[in-house]
Q: 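What follows is a structure written as structure tokens; I'll ask about it next.
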Amino acid sequence: MMRTLPPFRADHVGSLLRPATLKEARARRESGEIAPDEFRGIEDRAIEDAIAKQAAAGLGSATDGEFRRAMWHFDFLERLDGVESFRADRGIAFKGGIETQARGLRVTGKVGFSTHPMLDHFRFLREHTRATPKMTIPSPSVLHFRGGRRAVSRSVYPDMEEFYLDLGSAYRSAVEAFAAAGCRYLQLDEVNLAYLCDEEQRQILRERGDDPDRLPRIYADMINRAIGSRPSDMVITMHLCRGNFRSSWIAQGGYEPIAEILFQQIAANAYFMEFDSERAGGFEPLRLLPKNKVVVLGLVTSKQGGLESKDELKRRIDQAAKYVDLDQLCLSPQCGFASTEEGNLLAEDEQWAKLARIVEVAQEVWGG
């Protein structure tokens, strides 16, 4: 049957392709051709249009498409107390020889949460949709995984355990602030647990002095601390993927190494999971999903524009249902369409066709 609470049978991860008008306006703002207030008006109208298109597609949730962000994670993390961004020597390397913008993050003071502009971003979304407004933020692990010990001041945090504790507590305050703003559907974008299923990524961690066998438990404890005081009616989902930038990726490997911790030890309500390619492995880890949790199958790729057939999507849903009850499953794209402002290599009409296809298939599989 259809679901009246998130995640919905047909849902999506969060980010959407930035329309050309918004990209042009951002470039003009950065060059000083238009004032910040004028740009904000253009941004607002683009978000209102995206909200309307999500409703027209039949989705039960709505996001702002992450239109106010340049990157899915930096824009949130750099506004935490004690964190600063800087121009790095190079960007994050993806397969195919491409890199993101050359930005980095470092911890220069005690990590905390005072306030955040994304609270207002959520309020705008809530005020402009009749659907369930969904907010997405990076998981706390993201602040640690990329830079590790070298990105955390030794004078501020001689002991990394204190850093992990403060980071979890800062996120706890963030979750409470979003709840106070009316958010009842909050997603933590957690790529790093999926990266820990890739031996190449694990070796990189070993070489810099981290233990990849310990990190899943460390990250799980931070996440549980972050979401431990949420209201009883606030749904927390986690999104897992293996990298998403201009249709490229970073990691590969099935979920088996982290499935038990992910499903049984992290107190999230549901999981958006990448399953659009062989890089994500099979559905077997879903056997460990507790009966009170939900997995949103990311079967529709956001990396290219070809439209998946209904029959193929239904076939793969049937395969997943061999390991977990069909009533514990939903359907979505495998990732956002634009984890950074550059976006993936497909057209806007292809994006909306994919979201409409997800709604269509969900209605046929679960009814409604």
Q: Determine, using the 4.5 Å side-chain heavy-atom cutoff (strictly less than), whether Trp352 and Leu331 are members of one ILVMFWY cluster.
A: yes
Q: Just checking, Arg68 and Phe124: is the charged tip under 6.0 Å from the six-membered ring centre and within 45° of the axis?
A: yes
Q: Less than 4.5 Å apart, any side-chain heavy atom of Phe272 and any of Pro7?
A: yes
Q: Is it the case that the side chain of Ser247 and the backbone of Lys303 share a donor-acceptor pair, with hydrogens and angles ignored and the cut-off at 3.5 Å?
A: yes
Q: Is it the case that one hydrophobic cluster holds both Tyr195 and Ile98, taking links as side-chain heavy atoms less than 4.5 Å apart, direct or via other members?
A: yes
Q: Do the side chains of Glu348 and Lys23 get close enough for a salt bridge, i.e. N-O under 4.0 angstrom?
A: no
Q: Would you mind checking if Arg123 and Asp120 are paired as a salt bridge, meaning a charged N to carboxylate O distance below 4.0 Å?
A: yes
Q: In chain order, what residues pass the salt bridge (charged side-chain N to carboxylate O under 4.0 Å, His left out) check against Asp276, with sequence neighbours excluded?
A: none
Q: Main chain of Ala179, side chain of Arg184: is a donor-acceptor contact present, judged purely on distance under 3.5 Å?
A: yes
Q: To check you understand the geometry: which heavy-atom pair defines the closest contact between Met118 and Met135, and what is its length?
A: CB-CE, 3.7 Å
Q: Step by step, work out the salt bridge (charged side-chain N to carboxylate O under 4.0 Å, His left out) result for Glu200 and Arg242.
A: CA-CA 12 Å; Glu200 180 180 314; Arg242 292 155 182 78; over 6 Å; no
Q: Hey, are Asp166 and Arg225 close enough for a salt bridge, meaning a charged N less than 4.0 Å from a carboxylate O?
A: no
Q: If you take the centroid of each ring, where Trp contributes its six-membered ring, are Phe94 and Phe245 closer together than 6.0 Å?
A: yes
Q: Less than 4.5 Å apart, any side-chain heavy atom of Leu59 and any of Val359?
A: yes
Q: Treating Trp366 as the side-chain partner and Ala10 as the backbone partner, does any N or O pair qualify as donor plus acceptor under 3.5 Å?
A: no
Q: Any sub-3.5 Å donor-acceptor pair from Arg126's side-chain atoms to Ala181's backbone N or O?
A: yes
Q: So, are Arg69 and Glu341 salt-bridged, with charged N and O less than 4.0 Å apart?
A: no
Q: Angle class for the Tyr157/Phe163 ring planes (parallel below 30°, perpendicular above 60°, tilted otherwise)?
A: perpendicular
Q: Checking the side chain of Arg202 only, and the main-chain atoms of Leu196 only, is there a donor and an acceptor separated by less than 3.5 Å?
A: yes
Q: Under 4.0 Å between a Lys/Arg side-chain N and an Asp/Glu carboxylate O for Arg357 and Glu350?
A: no
Q: Using ring pair (Phe, Tyr, Trp, His ring centres under 6.0 Å), reason through Tyr171 and Phe76 one step at a time and then give a plain yes or no.
A: CA-CA 11 Å; Tyr171 261 78; Phe76 179 83; 5.6 Å; yes
Q: Identify the two heavy atoms, one from Ala93 and one from Ile250, that lie closest to each other, and give their separation to 0.1 Å.
A: O-CG1, 3.6 Å
Q: Taking it one step at a time, do Glu256 and Arg287 satisfy salt bridge (charged side-chain N to carboxylate O under 4.0 Å, His left out)?
A: CA-CA 10 Å; Glu256 197 70 41; Arg287 73 188 185 279; 2.7 Å; yes
Q: Taking the six-membered ring for Trp, are the ring centroids of Tyr164 and His144 within less than 6.0 Å of each other?
A: yes
Q: Determine the sole option in Glu38, Glu33, Glu342, Glu43 for which the salt bridge (Lys or Arg N to Asp or Glu O under 4.0 Å) test with Arg26 is passed.
A: Glu43
Q: Output yes when a side-chain donor or acceptor of Asp49 lies under 3.5 Å from a complementary backbone atom of Arg45, and no otherwise.
A: no
Q: Report yes if the side chains of Leu299 and Glu312 come closer than 4.5 Å at any heavy-atom pair, otherwise no.
A: no
Q: Are the side chains of Ser169 and Phe113 in touch, meaning some heavy atoms are under 4.5 Å apart?
A: no
Q: When you look at Val294 and Tyr271, which way does the side-chain contact (heavy atoms from CB on, under 4.5 Å) test go after all the steps?
A: CA-CA 6 Å; Val294 173; Tyr271 308 88; over 6 Å; no
Q: Do Ile266 and Leu193 make a side-chain contact, defined as non-hydrogen atoms from C-beta onward lying under 4.5 Å apart?
A: yes
Q: Go through Phe263 and Val295 one step at a time and tell me if the side-chain contact (heavy atoms from CB on, under 4.5 Å) criterion holds.
A: CA-CA 10 Å; Phe263 293 143; Val295 160; 4.1 Å; yes
Q: Run the salt bridge (charged side-chain N to carboxylate O under 4.0 Å, His left out) check on Asp37 and Arg29 step by step: do they pass?
A: CA-CA 10 Å; Asp37 287 349; Arg29 186 203 63 180; over 6 Å; no
Q: Salt bridge (charged side-chain N to carboxylate O under 4.0 Å, His left out), that's the test. Do Lys110 and Glu162 meet it? Break it down for me.
A: CA-CA 10 Å; Lys110 289 289 187 180; Glu162 185 181 355; 2.3 Å; yes
Q: Can you check whether Tyr185 reaches Leu5 side chain to side chain, under 4.5 Å on heavy atoms?
A: no
Q: Shared ILVMFWY cluster between Ile47 and Phe337, side chains joined below 4.5 angstrom?
A: yes
Q: Checking the side chain of Arg18 only, and the main-chain atoms of Ala338 only, is there a donor and an acceptor separated by less than 3.5 Å?
A: yes
Q: Can you confirm whether more than 12 heavy atoms, excluding those of Glu278, are under 6.0 Å from its CD atom?
A: no
Q: So, do Leu240 and Leu262 sit near enough that their side-chain heavy atoms are less than 4.5 Å apart?
A: yes
Q: Which heavy-atom pair separates Thr108 from Ser153 by the least distance, and what is that distance?
A: CA-CB, 4.4 Å
Q: What do you reckon, are the aromatic ring centroids of Phe275 and Tyr255 less than 6.0 Å apart?
A: yes
Q: Heavy atoms, side chains only, cut-off 4.5 Å: are Arg208 and Arg149 in contact?
A: no
Q: According to a hydrophobic-cluster definition based on side-chain heavy atoms being under 4.5 Å apart (Ile, Leu, Val, Met, Phe, Trp, Tyr only), do Leu329 and Phe283 belong together?
A: yes
Q: Using atom types as modelled and distance alone, determine if a side-chain donor or acceptor of Thr129 lies under 3.5 Å from a backbone N or O of Leu125.
A: no
Q: Ala353 and Leu307: which non-hydrogen atoms are nearest, and at how many Å?
A: O-CD1, 3.7 Å
Q: If you compare all heavy atoms of Val175 against all heavy atoms of Leu186, which two are closest, and at what distance to 0.1 Å?
A: CG2-CD2, 3.8 Å
Q: Quick one: do Met2 and Leu297 end up in the same hydrophobic cluster if we chain Ile, Leu, Val, Met, Phe, Trp and Tyr together by side-chain heavy atoms under 4.5 Å apart?
A: yes
Q: Of all residues at least two apart in sequence or in a different chain, which pass the ring pair (Phe, Tyr, Trp, His ring centres under 6.0 Å) check with Phe74?
A: none
Q: Could you go through the side-chain contact (heavy atoms from CB on, under 4.5 Å) check for Leu143 and Leu105 one step at a time?
A: CA-CA 7 Å; Leu143 185 59; Leu105 294 167; 4.3 Å; yes
Q: Within a 6.0 Å radius of atom CZ on Arg103, are there more than 12 heavy atoms belonging to other residues, nucleotides or ligands?
A: yes
Q: Are any side-chain N or O atoms of Glu176 and backbone N or O atoms of Ser229, one a donor and one an acceptor, separated by less than 3.5 Å?
A: no
Q: Are Arg315 and Glu308 within salt-bridge range, i.e. N to O under 4.0 Å?
A: no
Q: Of the non-hydrogen atoms in Lys134 and Val13, which two are nearest, and what is the gap between them?
A: NZ-O, 3.2 Å
Q: Given 3.5 Å as the limit, does a donor-acceptor pair link the side chain of Gln54 with the main chain of Thr63, or not?
A: yes
Q: Step by step, work out the side-chain contact (heavy atoms from CB on, under 4.5 Å) result for Thr237 and Val296.
A: CA-CA 10 Å; Thr237 62; Val296 187; over 6 Å; no
